[in-house]
Amino acid sequence: MCGIVGYVGKQKAAPLILEGLKRLEYRGYDSAGVCVAQGGQLEVVKKAGRVEILAKEVAVHRLAGTTGIGHTRWATHGGVTDANAHPHLSSDGKFALIHNGVIENYAQMKTFLARRGFTFQSETDTEVLCNLIAYHYGKEPAAPGQSRFLESVRKSLRHVEGTYGIAVLCLDAPGEIVAARLASPLILGVGDGEFILASDASALVSHTQNVVYLKDGELAHVTPRGFALSTLDDVDVSPVVDRITWSAADADRGKFPHFMLKEIFEQPAALENAMRGRFSADGSTANFGGLNITADELARVERFMFCACGTAWHACLVTEHLIERFARVPVEVDYASEFRYRNSPLDPHTLFFVISQSGETIDTLAALREAKRKGHRVLAINNAVGSSIAREADGGIYQHVGPEIGVASTKAFTSQLLLGAMIALYVARLRDLSFNDGVEYVNALKSAPDLVRQVLKQAPRIKAIAKRYAQSRDMLFLGRLALFPLALEGALKLKEISYIHAEGYPAAEMKHGPIALISEHCPTVFFAPKGELFNKLVSSMQEIKARKGPIIAIVTEGADLPKGLANEVITLPACHEAVLPIVASIPVQLLSYYIAVERGCDVDKPRNLAKSVTVE
Ligand code: M6R
């Protein structure tokens, strides 16, 4: 969740680190700090609050060193204070450490170290690890040819239970950084005579597109002369240098006031990128290069299991609907955080999928590992190339939508819906779906970017609607079938960025409880597309109207609502069932966005949240 940056090179480290931290701020924004090795000191500047507050503080210190580390924090152990901000120094002042993750056995370590005279300035688990490194450093010299700095980090990490992505500075080795990871992402950018460490490529892509993705249990020893990788067991690792396919411009806000709005408007292009080259030559089905499963094997699958968290879990629910509807194969969906501990019986003919934008969500990664432990092949839908999930899955589909920076997921979600619809098509065509129905389905998916463009044109109207409801305290979102997950998604989007209490329900469930919330102060966003259930949806709306609840209806062309039933009507273009969830996402994204802006909320950095949830 936290953001990590480290620099070894010829330039001043602090400005570069601050630039990286600004780009990583979406990973955590409780506090920020930087440490630079200079003049025989480890100079630390850290502050509670945003990176811009840190930048002002850094400006009054003369940080000229060319090796340094920096951090943006999402608080786990200890409150949001200057003292708890990273980097942390060991009590002898020899080491500085930044950390992303949780050290579960830090309390025992702290007792052990306190008995040996180490002292602590913060409540964090990170400071304990920093002192443990100092303890090992002081205990015994390294063997000839070994780096004492590297070995003391290695020895310390062998005692850690939990997760970490760390970068460490040592006073005695001022041009060096030792970094390591276990279940928290860490990337090493390899530049021309310089190296940049980061928890996420967006912090380094403006300097280099050549990167090494560290694997779990690996350490990197970075010096001005080069870098070496090794494992916790001290085995050398040959680095694989990958190339990032997107550039710094893709991670810029451009003319938009927020990343979220930029990413909402990027969706037509994102959908085009996600489907490019993924349809068969005869135009009747989907093609996936990296699934690593043959058509015969897929045709024999008797059940699918999908796991994810948050918005990606909603994408699983829509995919469930489409696979069951078109391929007639049963599907189960579970929260990754539940599945990992539930010891759910998995039939051997079940194919397991995870969906994750970041590919680093710890619960989803743990669900993947649990399924693999049970002997299952696990496939992933994932956006971040080289992520832990991408590496550990047996096969999968990249979303190819570029970096998603806004904490509220938008373009990643609709591309997950698209890929889920394509999986449903692929499996359906291996079974009963006819060639003609396949062609119709493919053409419908190809039309999705244009349909989304049409809905985006309604942004000014949706903005006006948002203004009228922005001061609501509660909101309900209702939908049925494939749009029930959209009701969940609409409610999640609204609450995470505007802090309005919102709930999503299947429309017909309303009368089993949520109807008690209805009043003139609780608006309902109601998905009511034309179709066989339309009249039933209208009946549910009448029940809301009878209780004076305002209704924002999202309908499709040709769905004629009784006059005066809805207070607001947003009309979507008529479209294929597989495309409707994608198109229906747009108005709820825009509604949430404009409501949050109207309420003066920090849309891209909502309180208490972080983009990628790498702790339990
Ligand atoms: O990176 P992932 O897709 O695994 O993230 C899962 C959730 O944390 C994420 O979708 C979260 O719910 C978003 N903030 C929703 O907008």
Side-chain angles (χ1 to χ4, degrees), residues 256-275 311-312 314-315 317-318 322 357 399 401-402 404 406 408-421 444-467 469 475 477-479 482-494 496-498 502 504 525-530 552-557 559 566 568-598 603:
F256 290 91
H258 296 102
F259 278 108
M260 183 180 176
L261 192 64
K262 176 188 179 228
E263 287 157 5
I264 289 174
F265 275 86
E266 273 175 357
Q267 288 177 108
L271 291 167
E272 273 156 8
N273 289 339
M275 69 173 84
T311 286
H314 299 152
L317 293 177
V318 175
L322 294 177
Q357 186 285 128
Q399 294 173 228
V401 299
E404 188 180 67
S409 185
T410 53
K411 65 175 179 175
F413 176 59
T414 46
S415 66
Q416 287 162 357
L417 296 182
L418 171 75
L419 294 171
L445 292 179
K446 285 184 177 169
S447 72
D450 274 336
L451 296 174
V452 168
R453 272 185 201 103
Q454 285 178 39
V455 184
L456 286 171
K457 286 192 184 137
Q458 297 191 52
R461 265 204 68 228
I462 296 172
K463 184 177 181 178
I465 295 173
K467 270 186 179 226
Y469 298 91
M475 267 205 201
F477 286 74
L478 301 177
L483 296 190
F484 155 55
L486 262 287
L488 296 176
E489 174 62 7
L492 176 70
K493 212 92 297 173
L494 184 71
E496 72 178 329
I497 59 170
S498 76
V525 177
F526 211 120
F527 290 104
K530 192 175 171 193
I552 303 166
I554 301 176
V555 301
T556 45
E557 267 165 17
E568 320 284 347
V569 180
I570 299 167
T571 306
L572 306 175
C575 57
H576 190 281
E577 207 179 322
V579 177
L580 181 59
I582 299 172
V583 177
S585 302
I586 312 304
V588 286
Q589 293 172 351
L590 287 170
L591 197 64
S592 306
Y593 172 77
Y594 288 122
I595 287 179
V597 171
E598 186 65 23
V603 173

Sequence neighbours excluded and cut-off under 3.5 Å, please list the side-chain donor-acceptor pairs for residues 456-467, or say none.
{"unit_1": "Q458", "atom_1": "NE2", "unit_2": "T571", "atom_2": "O", "d": "2.7"}
{"unit_1": "R461", "atom_1": "NH1", "unit_2": "V569", "atom_2": "O", "d": "3.2"}
{"unit_1": "R461", "atom_1": "NH2", "unit_2": "V569", "atom_2": "O", "d": "2.9"}

Check your understanding: To the nearest 0.5 Å, how far apart are OG in S409 and NE2 in H314?
Key -> 11.0 Å
Practice item. Any pair with a residue in residues 265-274 that passes salt bridge (charged side-chain N to carboxylate O under 4.0 Å, His left out), sequence neighbours left out, goes on the list, sorted by first then second residue, please. Key: K262-E266, E266-K411, E272-R453
Revision key, fill the gap. Applying side-chain hydrogen bond (donor to acceptor under 3.5 Å, both in side chains) to T414 and not counting sequence neighbours gives Q267
Review point. Looking at V555, I554, I586, V452, which hits side-chain contact (heavy atoms from CB on, under 4.5 Å) with L572?
Key: I554
Review point. Got a sec, which residues hit side chain to side chain contact (heavy atoms under 4.5 Å, CB included) with Y593, two or more places apart in sequence or on another chain?
Key: P257, H258, M260, L261, I264, V597, V603
Practice item. Look up atom CD in E489 and atom OG in S585, then write down how far apart they are to the nearest 0.5 Å. Key: 7.0 Å
Check your understanding: Which atom pair, heavy atoms only, marks the closest approach of C575 to V583?
Key -> SG-CG2, 4.2 Å
Check your understanding: Once you round to the nearest 0.5 Å, how far does CG of L417 lie from CG of L322?
Key -> 8.5 Å
Practice item. List for me each residue that meets salt bridge (charged side-chain N to carboxylate O under 4.0 Å, His left out) alongside E263, sequence neighbours excluded, and say none if there are none. Key: none
Study note, to complete from the structure: Hits for side-chain hydrogen bond (donor to acceptor under 3.5 Å, both in side chains) against S415, two or more places apart or cross-chain, chain-then-number order -> Q399
Exercise for review: Measure the spacing between CG of L590 and CZ of F265 and express it to the nearest 0.5 Å.
Suggested key: 6.0 Å
